[in-house]
Amino acid sequence: MKRLSYLKRVAAVVFAASIVLATPLAAATFGKLAGQVYGSGNKVVVVLHGDVSRGGPADYHYAFAKQIASRNKGVTAIALLRPGYADRKGQKSGGSNSGRRDHYTKRNNDMVAQALSAIKKQYGAKRLIVVGHSGGAAQAGVILGRYPGLISGAVLVSCPCNIPAWRAAKNASAWSRSQSPHRFVKNIRRGTPVVLITGSKDTNTKPNLAQDFAAKAKAAGARASFVSANGAGHGFNRLSGKAASAVKSMVR
């Protein structure tokens, strides 16, 4: 009976610890950007959502950040709201997303970079890994080249890595104010791990955009690779497993 009682106490402690890891520590602000913080540790993973162009809250990446914190020891995971975006509870980042169009601007990219720098300093991050989906991947891709060394490793999911080519392939109007990752790829710090993941059936950000970026990043000295998610489209859910695996290898 004593043995059983001891095991129950141990199980209760483990369960309580898992709840702590799976629960956001707090809503937080970094520079002008807001977000949710999960877990604890000096290996930091920041997650950037996509454009959510149909409208509504931009917080689908919260669940992924929570999962990353709960499954990786010593990791703080932060789900950031990109400039001008809000979550369903009303938490909102500063800046403007210009109606969710043509908003990967220098100003907005600088705001994201400043938030990442603040996070790195606040948590004394040994490693800062950034996971970006769609528009978030585009902004992370630019920052890799414009701020070499700020990001220790990146996972770019469904990346529109060449903005002019992406818009042209969609027969959509040009985004003249947005910075394009492919223009900065040669400046990525040598040795930086960069994993690009795109669904084989993605008709929005077609696989060739990420494949080409991966090839150019590798040629520039980054440890870049492309991963195809067979049967997946543009949405994050079916790509999150591969993204989580890439993160796990980077935080080790």
Once the angle between the rings of F236 and H133 is folded into 0 to 90°, is it parallel (under 30°), tilted (30 to 60°) or perpendicular (over 60°)?
->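 Geometry flag for H133 against F236: tilted rings.
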May I ask you to decide if [Y]'s main-chain N or O and [X]'s side chain share a donor-acceptor pair within less than 3.5 Å?
X    : Y    : result
R177 : Y104 : no
R223 : T192 : no
S70  : K66  : yes
S245 : G241 : yes
D87  : Q91  : yes
K120 : L150 : yes
S200 : S228 : no
T198 : P207 : no
N108 : H103 : yes
D212 : N208 : no

Taking NZ, NE, NH1 and NH2 as the nitrogens, is one of them in [X] or [Y] under 4.0 Å from a carboxylate oxygen of the other?
X    : Y    : value
R88  : D59  : yes
R82  : D51  : yes
D110 : R146 : yes

Going by distance alone, is a donor N or O of one side chain under 3.5 Å from an acceptor N or O of the other, for H234 and T205?
->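 The answer is yes; a qualifying pair exists.
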Just by distance, with hydrogens left out, do S96 and R107 show a side-chain donor and acceptor under 3.5 Å apart?
->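 On atom types as modelled, these side chains do not qualify, holding no pair under 3.5 Å.
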Any non-hydrogen side-chain atom of [X] less than 4.5 Å from a side-chain atom of [Y]?
X    : Y    : answer
V44  : I119 : yes
P148 : I188 : no
R101 : S173 : yes
V37  : T76  : yes
Y62  : Y38  : yes
I129 : I151 : no

Search all heavy atoms of [X] against all heavy atoms of [Y] and return the closest pair with its distance.
X    : Y    : value
A58  : L81  : O-CD2, 3.2 Å
A138 : P181 : O-CG, 3.3 Å
N109 : Q179 : ND2-OE1, 2.9 Å
P164 : H182 : CD-CE1, 4.0 Å
A137 : L156 : O-CD2, 3.7 Å
N42  : G124 : CB-O, 3.7 Å

Could you measure the distance from the [atom1] atom of [X] to the [atom2] atom of [Y]? Nearest 0.5 Å is fine.
X    : Y    : atom1 : atom2 : value
H49  : Q139 : NE2   : CD    : 8.5 Å
W175 : T105 : CH2   : OG1   : 11.0 Å
S53  : N97  : OG    : CG    : 11.0 Å
I197 : S240 : CD1   : OG    : 9.5 Å
Y85  : S93  : OH    : OG    : 11.0 Å
I163 : S176 : CD1   : OG    : 12.0 Å

Would you find more than 12 non-hydrogen atoms of other residues, nucleotides or ligands less than 6.0 Å from K206 atom NZ?
->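 Not buried by this count: 12 neighbours or fewer within 6.0 Å.
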Counting only heavy atoms not in K186, do more than 12 sit closer than 6.0 Å to its NZ atom?
->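 12 or below, so no.
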Spell out, yes or no, whether [X] and [Y] are grouped together once hydrophobic residues are joined by side-chain heavy atoms under 4.5 Å, including indirect joins.
X    : Y    : answer
V227 : M250 : yes
L128 : Y123 : yes
V155 : L209 : no
V142 : L80  : no
V157 : V251 : yes

What's the verdict on side-chain contact (heavy atoms from CB on, under 4.5 Å) for V45 and I78, showing C-alpha distance, side-chain angles and the deciding distance?
-> CA-CA 6 Å; V45 178; I78 301 171; over 6 Å; no
For the pair Y60 and V52, evaluate side-chain contact (heavy atoms from CB on, under 4.5 Å) and give the outcome as yes or no after the intermediate values.
-> CA-CA 9 Å; Y60 67 86; V52 198; 4.0 Å; yes
Residue pair F30, Q114: steps toward the side-chain contact (heavy atoms from CB on, under 4.5 Å) verdict = CA-CA 8 Å; F30 305 98; Q114 288 158 10; over 6 Å; no
Evaluate the criterion side-chain contact (heavy atoms from CB on, under 4.5 Å) for residue pair M111 and L33; output intermediate values, then yes/no.
-> CA-CA 8 Å; M111 286 176 64; L33 302 190; 4.0 Å; yes
